[in-house]
Asker: 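Handing you this structure, nothing more for now.
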Amino acid sequence: MKLKRLKRADLPPDSTAMARYLLGKLVVREIEGERLTGRIVETEAYLVGDAACHGFRGPTPRNKALFLERGHAYVYIAYGVSRMLNVAGGSQGAGTGVLIRALEPLAGIAFMQRRRGTERLRELTRGPGRLAQALAIELDLDGTDLCAPGPLWLAEDGAAPPKIGTSIRIGITKDVHRELRFYVRGNPFVSGPRRLNG
DNA sequence: CGGCTGATGATCT
DNA sequence: GATCATCAGCCGG
């Protein structure tokens with residue numbers, strides 16, 4: 001089915017709603033004449049007033065893209081090694097957004113396998129660091145408008161809305177109790193321990 | 001498969 | 001100097 005680019009007006013202004021909305025949508029990466037696509041199967045929302053959110057203490061050189069209007073990419077490096085892809089949320093200056101935690105690979109799988117150094121499908125895009133490596137998402141994409149033509153954008157393909165599960169977020173140490181992680185129930189590409197994926 | 005641990009370096013205090 | 005929105009690899013069952 002043909003891809004339709006997500007419009008900014010399609011994105012819910014509330015980041016929790018946007019995290020749910022993005023499940024089942026597609027990340028599209030254009031690189032070296034290839035088009036890589038993956039379906040979003042796991043997200044986490046980071047909100048205004050949320051101590052776990054990188055925007056909590058205001059803008060810095062690293063997180064400034066999180067303060068752009070919603071639909072822009074915020075890319076940063078976690079633990080010195082893994083790139084994390086986020087979609088800025090809210091209005092300009094809000095400093096809130098959604099972390100893309102896992103994708104189901106759809107197109108460009110050979111490219112992803114080369115990038116990841118493995119043939120195994122489950123290991124290509126299961127987890128935020130893995131998916132960024134598979135799609136060659138580097139810091140140069142920080143601030144990219146995901147609602148415009150370019151190297152990285154968001155799309156929908158008319159798939160039916162998925163069944164959504166919720167849980168606490170993974171890997172954080174502040175505001176740990178909030179149920180702001182969302183995933184497609186039963187999808188094998190969702191990351192995290194089984195107890196969170198019931 | 002589940003659980004644990006060391007590596008790793010950018011970022012901010 | 002501490003913190004950290006992770007991962008690969010190892011071990012036991």
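We name chains A, B, ... by the order of the sequence lines, and we start the count at 1 in each one. Only a predicted model underlies this, so the values are computations on that prediction, with no experimental measurement involved.
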Asker: Between B:dG2 and A:R194, is there an OP1 or OP2 to side-chain N/O distance shorter than 4.0 Å?
Answerer: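 Yes, such a contact exists.
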
Asker: In whole angstrom, what separates A:R120's CZ from C:dC7's C1'?
Answerer: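 A:R120 atom CZ is separated from C:dC7 atom C1' by 14 Å.
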
Asker: Are a donor atom and an acceptor atom from the side chains of A:S191 and A:R126 found within less than 3.5 Å of each other?
Answerer: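 No, A:R126 and A:S191 have no side-chain donor paired with an acceptor closer than 3.5 Å.
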
Asker: Given the side-chain rings of A:Y76 and A:H54, with only the six-membered ring counted for Trp, is the space between their centroids under 6.0 Å?
Answerer: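 Ring centres of A:H54 and A:Y76 closer than 6.0 Å.
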
Asker: Take atom CG of A:L66 and atom C1' of B:dT11, then tell me their distance rounded to the nearest Å.
Answerer: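 Distance check: A:L66 CG to B:dT11 C1' gives 15 Å.
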
Asker: Quick one: which of B:dT8, C:dC7, B:dC12 gets closest to the side chain of A:Y79?
Answerer: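 Nearest nucleotide to the side chain: B:dT8.
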
Asker: Using whole Å, what does the distance between atom C1' of nucleotide C:dA5 and atom CG of A:L196 come to?
Answerer: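 Rounding to the nearest Å, CG of A:L196 and C1' of C:dA5 are 14 Å apart.
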
Asker: Could you check which nucleotide pairs with B:dG9 in any of the strands shown, counting Watson-Crick or G-U wobble with both distances under 3.5 Å?
Answerer: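 Partner of B:dG9: C:dC4.
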
Asker: Give the rounded distance in Å between these two atoms: CD1 of A:I170 and P of B:dG2.
Answerer: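 In whole Å, B:dG2 P lies 13 Å from A:I170 CD1.
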
Asker: What's A:R62 touching, base or sugar-phosphate or nothing? Going by heavy atoms closer than 4.0 Å.
Answerer: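 Sugar-phosphate only.
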
Asker: Is A:Y76 stacked against the base of B:dA10, taking the criterion as centroid distance under 5.5 angstrom and interplanar angle under 30°?
Answerer: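 Not stacked: fails the 5.5 Å / 30° test.
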
Asker: How many Å lie between CZ on A:R83 and C1' on C:dC7, as a whole number?
Answerer: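 Checked: the CZ to C1' distance equals 13 Å.
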
Asker: From CD1 of A:I172 over to P of C:dT3, roughly how many Å is that when rounded to an integer?
Answerer: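 A:I172 atom CD1 is separated from C:dT3 atom P by 16 Å.
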
Asker: By nearest heavy atom, map A:P193 and A:R57 onto DNA chain B; which one lands nearer the 5' end?
Answerer: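 The residue whose closest nucleotide sits nearer the 5' end is A:P193.
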
Asker: Between A:T173 and C:dT3, is there a contact of a side-chain N or O with OP1 or OP2 at under 4.0 Å?
Answerer: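 No, A:T173 has no side-chain N/O under 4.0 Å of OP1/OP2 on C:dT3.
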
Asker: Using atom CG of A:L99 as one end and atom C1' of C:dT6 as the other, report the distance to the nearest whole Å.
Answerer: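 Value for this atom pair: 11 Å.
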
Asker: Check whether any side-chain nitrogen or oxygen of A:K174 sits under 4.0 Å from OP1 or OP2 of C:dT3, and answer yes or no.
Answerer: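 For C:dT3, neither OP1 nor OP2 has a side-chain N or O of A:K174 closer than 4.0 Å.
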
Asker: Between atom NE2 in A:H54 and atom C1' in B:dA10, what is the gap in whole Å?
Answerer: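 So the NE2-C1' distance, A:H54 to B:dA10, works out to 11 Å.
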
Asker: Does NZ or CZ of A:R35 fall inside the cone over A:F111's six-membered ring, less than 6.0 Å from its centre and within 45° of the axis?
Answerer: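 A:R35 over A:F111 ring: no.
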
Asker: Looking at A:S82, does any N or O in its side chain come under 4.0 Å of the phosphate oxygens OP1/OP2 on C:dC7?
Answerer: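 The answer is no; no side-chain N or O of A:S82 sits under 4.0 Å from OP1 or OP2.
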
Asker: Could you please spell out the steps behind the side-chain contact (heavy atoms from CB on, under 4.5 Å) verdict for A:R181 and A:N197?
Answerer: CA-CA 10 Å; A:R181 172 174 174 268; A:N197 296 334; 2.6 Å; yes

Asker: Applying the Watson-Crick and G-U wobble criteria at under 3.5 Å, what pairs with C:dC10? Answer none if nothing qualifies.
Answerer: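 WC or wobble partner is B:dG3.
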
Asker: More 5' along DNA chain C: A:G171 or A:E123, using each one's nearest nucleotide?
Answerer: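 This one resolves to A:G171.
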
Asker: With a sphere of 6.0 Å drawn around CZ of A:R8, does it hold more than 12 non-hydrogen atoms of other residues, nucleotides or ligands?
Answerer: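 Yes, CZ of A:R8 has more than 12 neighbouring heavy atoms, counting only those of other groups under 6.0 Å.
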
Asker: Hey, does the side chain of A:R116 come within less than 4.0 Å of C:dA8's phosphate (OP1/OP2), counting only N and O?
Answerer: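 Answer yes for this pair, as a side-chain N or O of A:R116 is under 4.0 Å from OP1 or OP2.
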
